[in-house]
Amino acid sequence: MKTTIDRFGRLVLPKQIRDRIGLKPGSEIEIEELESEIVIRHSEQKTPLQYEDGILIFAGTAVGDLTESIRKHREERLSKFLPGKRR
């Protein structure tokens with residue numbers, strides 16, 4: 001999606017993005033410069049953990065090696081319940 005910067009340095013975030021992220025007039029945002037990119041974040045973001053039908057769901061974006069993290073976590077849990085046994 002493209003937008004333009006006016007002569008005062010302001011830009012308008014498209015309505016689709018504002019609605020999807022939950023930005024409303026007066027919402028605080030964080031702006032960060034990373035090399036040749038500008039990152040804009042909603043600073044009032046909710047936790048990516050949400051309950052759906054009584055189950056805790058992660059609705060964020062996973063970073064890193066998710067498979068390895070799950071393997072390590074399972075191994076730690078199993079070692080607590082089954083001392084001396086490794087899978």
Side-chain angles (χ1 to χ4, degrees):
M1 227 176 261
K2 288 187 177 185
T3 190
T4 57
I5 298 175
D6 71 11
R7 64 187 179 123
F8 298 106
R10 298 176 297 201
L11 62 92
V12 175
L13 294 175
K15 184 172 179 1
Q16 292 172 312
I17 293 173
R18 293 191 321 262
D19 289 347
R20 193 169 42 245
I21 296 174
L23 293 173
K24 297 182 177 16
S27 292
E28 288 187 15
I29 59 171
E30 293 180 31
I31 300 174
E32 184 178 353
E33 179 185 356
L34 298 173
E35 295 182 23
S36 63
E37 296 179 343
I38 298 170
V39 179
I40 301 172
R41 287 189 195 89
H42 187 195
S43 63
E44 299 170 0
Q45 287 181 340
K46 297 177 184 173
T47 177
L49 297 173
Q50 302 169 2
Y51 277 101
E52 290 182 17
D53 298 325
I55 299 171
L56 189 60
I57 304 291
F58 177 73
T61 303
V63 294
D65 187 349
L66 191 56
T67 304
E68 180 63 15
S69 294
I70 291 171
R71 186 192 65 73
K72 284 181 182 179
H73 181 70
R74 283 182 179 156
E75 197 172 285
E76 289 172 10
R77 283 192 351 231
L78 285 173
S79 69
K80 288 179 185 176
F81 294 106
L82 305 169
K85 291 192 178 185
R86 297 285 247 186
R87 290 189 177 238

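These values consider heavy atoms only, across backbone and side chains, with no hydrogens, waters or symmetry-generated copies.
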- Task: Please tell me if the side chains of Asp19 and Lys24 come closer than 4.5 Å, counting only heavy atoms from C-beta onward.
- Result: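 In short, these two side chains do not touch, never coming nearer than 4.5 Å.
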
- Message: Are Ile17 and Met1 packed together at the side-chain level, in the sense that at least one heavy-atom pair is separated by less than 4.5 angstrom?
- Response: yes

- Query: Do NZ/NE/NH1/NH2 and the carboxylate oxygens of Glu75 and Arg71 come within less than 4.0 Å?
  - Reply: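 Arg71 and Glu75: salt-bridged.
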
- Task: Only one of Lys72, His73, Arg74 passes side-chain contact (heavy atoms from CB on, under 4.5 Å) with Ile70; say which it is.
- Result: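 Looking at Lys72, His73, Arg74, the match for Ile70 under the side-chain contact (heavy atoms from CB on, under 4.5 Å) is Arg74.
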
- Task: Following the transitive rule for hydrophobic clusters with a side-chain heavy-atom cut-off under 4.5 Å over Ile, Leu, Val, Met, Phe, Trp and Tyr, establish whether Leu34 and Ile31 coincide in one cluster.
- Result: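 No.
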
- Item | N/O donor-acceptor pair under 3.5 Å between Thr3 side chain and Leu11 backbone |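 Side chain of Thr3 to backbone of Leu11: no pair is present.
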
- Message: Between Arg41 and Ile29 (side chain of the first, backbone of the second, donor and acceptor by atom type, cut-off under 3.5 Å), is there such a pair?
- Response: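 It does not hold such a pair.
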
- Item | For Gly22 against Ser27, the heavy-atom pair lying closest together |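 It is O-OG, 4.2 Å.
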
- Message: For a quick test of reading the model, state the closest non-hydrogen atom pair linking Glu30 to Ser43 and the distance between them.
- Response: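 Looking at all heavy atoms of both residues, the shortest contact is OE2-CB, 3.4 Å.
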
[X], [atom1]: over 12 other non-hydrogen atoms inside 6.0 angstrom:
{"X": "Ile38", "atom1": "CD1", "value": "no"}
{"X": "Gln16", "atom1": "CD", "value": "no"}
{"X": "Tyr51", "atom1": "OH", "value": "no"}
{"X": "Glu32", "atom1": "CD", "value": "yes"}

- Task: Begin with the C-alpha distance, continue with both residues' side-chain angles, and end with the deciding distance and a verdict on side-chain contact (heavy atoms from CB on, under 4.5 Å) for Thr4 and Arg10.
- Result: CA-CA 8 Å; Thr4 57; Arg10 298 176 297 201; over 6 Å; no

